[in-house]
Amino acid sequence: MAAVCEKIVQNVIVAKNRVLTTNQYNQRDCCSAAAPYNHRNFLSFHGGKKLLPKYHCGFVSRRNIYCNAAPSTTAVPYLEKVDFMKLQNGSDIRGVAVAGVEGEPVTLTEPVTEAIAAAFSAWLLEMKRADASKPLRVSVGHDSRISAQVLQDAVSQGIAGAGLDVVQYGLASTPAMFNSTLTEDEAFLCPVDGAIMITASHLPYNRNGFKFFTNSGGLGKADIKIILERAADIYKSFTDQGLMKSKRKASESIKRVDYMTVYTSDLVKAVRKAAENIEKPLEGFHIVVDAGNGAGGFFAEKVLQPLGAITSGSQFLEPDGMFPNHIPNPEDKTAMKAITQAVLENKADLGIIFDTDVDRSAAVDSIGREFNRNRLIALMSAIVLEEHPGTTIVTDSVTSDGLTTFIEKKLGGKHHRFKRGYKNVIDEAVRLNSVGEESHLAIETSGHGALRENHWLDDGAYLMVKVLNKLASARASGIAGGSKVLTDLVEGLQEPGVAVELRLKIDQNHPDLKGGSFREYGEAVLQLLENHIESDPKLQKAPVNYEGVRASGFGGWFLLRLSLHDPVLPLNIEATNHEDAVKLGLAVSSAVKEFHALDTSALDKFIQT
């Protein structure tokens, strides 16, 4: 492995981490040979248009640039120090890619990005143990963020500098990137050996990040840690000579493919198959799509329209990385209000909404009832349990008691409530199958949903295809009523009158921590709460629980858990009414009141109101 990394370090390049002055912009033609990241790269993608330099990705250095200097073979001395490990976000990489937000310095620069892509290439070469006579292929796609094209160039140069072939897809969805490792079609240069999606999901416009795939699925936390460690070493070893060589290799070897054509065609085929191969099984259905100006605008034109659906009234389909209309997030109240309003105003049968990179989704029926969070899980459970009676449904930890009753009592399935984090939920479903417990659905309240039949990929578009399949098959069977067939599937689901999530932050500078970590402090809070529950006859500790402390009482339940990455203890409370929810809140408050480093202001405010 050391030899592979050494070769990649020699080949790979680094940007000079700078923003050109006005005078230097005027001189850029004479500098182009020695300046791999030229003026073009600082004009980021924004709804298909180039932006003014104020949207540059913050790759700032005050170092003078000497365009006629000979390339150096020594390590580049002027790169800013970077803590690569802070870029890890579970099984993803996330960072700040655009300057301009106070208190958020740029961490995902072009050099950092290139080092990460080179490190992934080294990891992939090791995993695949490739024949040197046939270079590995890596596909690269991105969502609509304004830093997308700049980072795509840096990623491509990191891959090419490592000696691998680069296939750029441009605007794409995260699920499509994984699918490119499975598709067998040489005309589209598939299958690829690895895939990189440039996205930060629903985070603000200045953020970006990466997700990585092979044909085995998305990389896990341990893999990301290894890649970032290697990236840090590669970053330190960049040279000017390597910079120029890698840029040249990328410009000579990059290929571009419209892979979304393949991906959308497969979605269309799936719906037609469910409707007994009817060409337009959704003919007459009025379905509106809200893509939130992310990457999901394709769904209206490339999926619904070929199936015969009317899509007038669809909104925010154009990619715009400033997200001017609402956050592309199915959990966001403003976003759900927008798609609900679109359904009602257009008298549509169904509304569909995606997050930025289309790995999450939600829906709205014809009368404006939302299928998200517990209701989406209930709907998908009903559909899957019709196909696989008795199967286990794996969810995250914040699903409701009413959902458990619905899945187990009405649908005849088994509800396995696990941890937060879509990868945790998916991995648990895979594990259950490996030990003989059948599971076909792993789904999180955030809208991440993965099906066994779809390679355990959390694909928001495929989740909606399963919903469309139900509509199409119902019509083929002579059942009318539009989306009522979906609404009927969740009839009997007990829903709380009050559902809140409060975030209790841990002050890491408080003397109570005594030099310890926030995680240790948070675990102490949870232990004391657990002891409190056991001594309170009005509360019942959940008999099976994999995360935090969960208890039922006063006609509802609460869950206090420690955040996966941040010094925060999220508290979820659900109850039939506000009075009972307050009683649950008071039980938590009385148990944690002695932890002075814990900011309980959000809980205090809830109790007082």
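These values consider heavy atoms only, across backbone and side chains, with no hydrogens, waters or symmetry-generated copies. The model shown is predicted, which means the values in this text are computed figures rather than measured ones.
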Would the distance check show the side chain of Asp396 and the main-chain N or O of Thr445 forming a donor-acceptor pair, the cut-off being under 3.5 Å?
yes

Are Gln168 and Val257 close enough, and set up right, to give a side-chain contact (heavy atoms from CB on, under 4.5 Å), and what steps lead you there?
CA-CA 6 Å; Gln168 290 184 355; Val257 168; over 6 Å; no

Return the CD to CD1 distance between Gln305 and Ile287, rounded to the nearest 0.5 Å.
11.0 Å

side-chain contact (heavy atoms from CB on, under 4.5 Å) between Val364 and Phe371, worked out
CA-CA 6 Å; Val364 176; Phe371 292 110; over 6 Å; no

Would a line drawn from the ring center of His326 to the ring center of Phe316 be shorter than 6.0 Å?
yes

How long is the gap from CG on Leu493 to CD1 on Ile377, to the nearest 0.5 Å?
10.0 Å

Between OG1 of Thr340 and CG of Asp290, what distance do you get to the nearest 0.5 Å?
10.0 Å

Any pair counted as salt bridge (Lys or Arg N to Asp or Glu O under 4.0 Å), so long as it reaches residues 165-192, sequence neighbours left out
Arg137-Glu186

At what distance, to the nearest 0.5 angstrom, does NE2 of His286 lie from CG of Leu304?
10.5 Å

Would you find a donor on one side and an acceptor on the other, under 3.5 Å apart, between the side chain of Ser477 and the backbone of Ser473?
yes

Flag for Asp258-Thr261: side-chain donor and acceptor within less than 3.5 Å:
yes

Give me the atom names and distance for the closest heavy-atom approach of Gly321 to Tyr205.
O-CB, 3.2 Å

Taking the side chain as everything from C-beta on, heavy atoms only, tell me whether Arg360 gets closer than 4.5 Å to Ser201.
yes

Looking at His415 and Leu403, what are the two nearest heavy atoms and their distance?
CE1-CD2, 4.2 Å

Determine the sole option in Lys273, Arg272, Lys269 for which the salt bridge (charged side-chain N to carboxylate O under 4.0 Å, His left out) test with Glu279 is passed.
Arg272

Is a salt bridge present between Asp427 and Arg431, judged by a nitrogen-to-oxygen distance below 4.0 Å?
no

Under the side-chain contact (heavy atoms from CB on, under 4.5 Å) criterion, do His388 and Glu438 qualify, and how do the steps go?
CA-CA 9 Å; His388 306 282; Glu438 181 186 275; 4.1 Å; yes

Calculate, to the nearest 0.5 Å, the distance between atoms CE and CG belonging to Met260 and Leu267 respectively.
8.0 Å

So, Asn372 side chain and Leu376 main chain: donor-acceptor pair closer than 3.5 Å or not?
no

List the steps, then state whether side-chain contact (heavy atoms from CB on, under 4.5 Å) holds for Thr391 with Ile393.
CA-CA 7 Å; Thr391 196; Ile393 308 297; 4.1 Å; yes

Do the side chain of Asp488 and the main chain of Val485 share a donor and acceptor less than 3.5 angstrom apart?
no

Do you know which two heavy atoms are closest between Ala472 and Ala275, and how far apart they sit?
CB-CB, 3.8 Å

Less than 4.5 Å apart, any side-chain heavy atom of Phe299 and any of Val358?
no

Just so I know, are the side chains of Phe323 and Thr356 near enough to count as touching, which here means a heavy-atom distance under 4.5 Å?
yes

Does the side chain of Val430 come within less than 4.5 Å of Arg452's, by heavy atoms?
no

Residues Lys466 and Glu453 bridged, charged N to O under 4.0 Å
yes

So, do Val138 and Leu124 sit near enough that their side-chain heavy atoms are less than 4.5 Å apart?
yes

Tell me whether the rings of Tyr422 and His448 are parallel (<30°), tilted (30 to 60°) or perpendicular (>60°).
parallel

Any donor and acceptor pair, going by atom type alone, linking the side chain of Thr107 with main-chain N or O of Val96 inside 3.5 Å?
yes

Using the test salt bridge (charged side-chain N to carboxylate O under 4.0 Å, His left out), find all partners of Arg256 that sit at least two apart in sequence or belong to another chain.
none

Would the number of heavy atoms belonging to other residues, nucleotides or ligands and lying under 6.0 Å from NZ of Lys419 be above 12?
no

Between Ala363 and Met464 the two heavy atoms that sit nearest each other are CB-SD, 4.1 Å

Side-chain contact test, heavy atoms from C-beta onward, threshold under 4.5 Å: evaluate it for Val384 versus Glu386 and give yes or no.
no

Test item: Lys221 and Gln88 side chains (from C-beta on) under 4.5 Å apart, heavy atoms
yes

Flag side-chain contact, heavy atom, 4.5 Å: Thr181 against Thr214
no

Would you sort out whether Phe212 and Phe120 count as a ring pair (Phe, Tyr, Trp, His ring centres under 6.0 Å), showing the intermediate values?
CA-CA 8 Å; Phe212 304 89; Phe120 172 68; 4.9 Å; yes

For Asn206, is there any backbone N or O sitting under 3.5 Å from a side-chain donor or acceptor partner on Arg145?
no

Could you tell me whether a side-chain N or O of Thr264 sits under 3.5 Å from a main-chain N or O of Val303, the two making a donor and an acceptor?
no

Thr174 and Asp357: side chain donor to acceptor below 3.5 Å:
yes

Does any N or O in the side chain of Asp223 come within less than 3.5 Å of the main-chain N or O of Leu219, such that one atom is a donor and the other an acceptor?
no

Could you tell me whether a side-chain N or O of Ser361 sits under 3.5 Å from a main-chain N or O of Phe354, the two making a donor and an acceptor?
no

Above 12 or not: heavy atoms from other molecules or residues under 6.0 Å from CG of Leu411?
yes

On a heavy-atom basis, the closest approach of Ala148 and Ile198 is O-CD1, 4.2 Å

Counting only heavy atoms from other residues, nucleotides and ligands, does the tally under 6.0 Å from CD of Glu276 exceed 12?
no

Can you tell me how far the CD1 atom of Ile479 sits from the CZ atom of Arg475, to the nearest 0.5 Å?
12.0 Å

For the pair Lys423 and Glu428, find out whether any cationic side-chain nitrogen is under 4.0 Å from an anionic carboxylate oxygen.
no

Check this for me, if you would: do Glu370 and Arg375 make a salt bridge, where the nitrogen-to-carboxylate-oxygen distance has to be below 4.0 angstrom?
no

Going by the angle between their ring planes, with limits at 30° and 60°, are Phe298 and Tyr263 parallel, tilted or perpendicular?
perpendicular

Under 3.5 Å, is there a donor-acceptor pair between the Asp266 and Asn179 side chains?
no

For Asp92 against Ile224, the heavy-atom pair lying closest together:
O-CG2, 4.0 Å

Whether Asp332 side chain and Thr334 backbone form a donor-acceptor pair below 3.5 Å:
yes

